[in-house]
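Just so it is clear, the structure is predicted and the values come from calculations on it, not from any experiment.
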Number of protein chains: 2
Amino acid sequence: MNNNIYIQKAQIFKALSNPVRLEIIDFLADGEKCVCEIVENLNYEQPHISKSLIKLKEVGLIKDRKEGSNVYYSLKICCVGEFFNCLNKILKECID
Amino acid sequence: MNNNIYIQKAQIFKALSNPVRLEIIDFLADGEKCVCEIVENLNYEQPHISKSLIKLKEVGLIKDRKEGSNVYYSLKICCVGEFFNCLNKILKECID
DNA sequence: TATCCATATTCCAATATTGGCATATAATAT
DNA sequence: ATATTATATGCCAATATTGGAATATGGATA
């Protein structure tokens, strides 16, 4: 049962464990974007971007909003800053 | 080249994307532990624990120290607190 | 040296992830 | 109704991850 928490957390990390999905998050840090904008900016096929977005949404990292035929995605993590600052620290230490 | 940063970050998240490895990190949050203590506390085969520790070490999340025939592992992340607080926030929001 | 204990490595089958391609759906416009 | 545009889904081969079982290594002790 307590093990469940580790499984849930692992799933969030799994969603983050892909360069394309990290690039999407970085792009969304700039603000809400529709799928087409993300596809234009990242050099990947539309279906791949779509699947990546869905995976990020499933674990609660981003949210979507439909408007006409467009779907707009945006970050749901309030603490992206702290989160990625820590990551950067780890990377910096790793280089030393 | 900038893509490399996403690959590196993804590798850190990949190391964290496993319940056993998260449990190990949680256990190490209590302080430095030798492999045998970790094996005793977590219900997994010694080789699995060993491999998990090596994976965490490879990405710079933990460090090791040999003393006789024992190897002691400890956290190398200074900012575990912030990091996991954010994660908990995401999990909480996800439930709502 | 022989043996014991702690840790790491290798091998493996089952399972999951990746990312492209083709296709489906759903909204909008003509 | 048909065509067009935006997004999602299904399928697939290549590749990676998982975690167990057996085995190897290396320090300590008798």
Test item: B:S50 side-chain N/O and B:P47 main-chain N/O as donor-acceptor pair under 3.5 Å: no
d(NZ, B:K55; P, C:dT9) in whole Å: 14 Å
Contact interval (first through last nucleotide) of DNA chain D with protein chain A, 4.0 Å heavy-atom: D:dA6 to D:dC11
Separation of atom NE2 in A:H48 from atom P in C:dC21, rounded to whole Å: 13 Å
Selection: residues 61-73 of chain B, any non-hydrogen atom under 4.0 Å of DNA chain C: B:S69, B:N70, B:V71, B:Y73
Any side-chain donor near an acceptor of the partner, A:K9 and B:N88, under 3.5 Å: yes
Side chain to side chain, B:N70 and B:V35, heavy atoms closer than 4.5 Å: no
B:L56 CG - C:dA8 P separation (whole Å): 12 Å
Value rounded to 0.5 Å, distance of CG in A:N43 from NE2 in A:H48: 12.0 Å
B:E45 CD to C:dT7 P, straight-line distance once rounded to whole Å: 15 Å
Salt bridge flag under 4.0 Å for residues B:R65 and B:E67: yes
Closest listed nucleotide, where the reference is the side chain of B:Q46 and the choices are C:dT9, C:dA8, C:dT18: C:dA8
Under the salt bridge (Lys or Arg N to Asp or Glu O under 4.0 Å) test, residues paired with B:E40 that sit two or more places apart: none
Sugar-phosphate, base or nothing in reach of A:K14, heavy atoms under 4.0 Å: sugar-phosphate
Nearest-angstrom distance from the residue atom CG of A:L16 to P of C:dT18: 12 Å
Check: A:D26/B:Y6 side-chain N/O donor and acceptor closer than 3.5 Å: yes
Cation-aromatic face contact A:K33/A:F27, 6.0 Å, 45 degrees: yes
Separation of atom NZ in B:K51 from atom C1' in C:dA8, rounded to whole Å: 10 Å
Touch class at under 4.0 angstrom, heavy-atom based, for B:I54 against every strand present: sugar-phosphate
Taking every non-hydrogen atom, the tightest pair across B:I62 and B:Y73: CD1-CD2, 3.5 Å
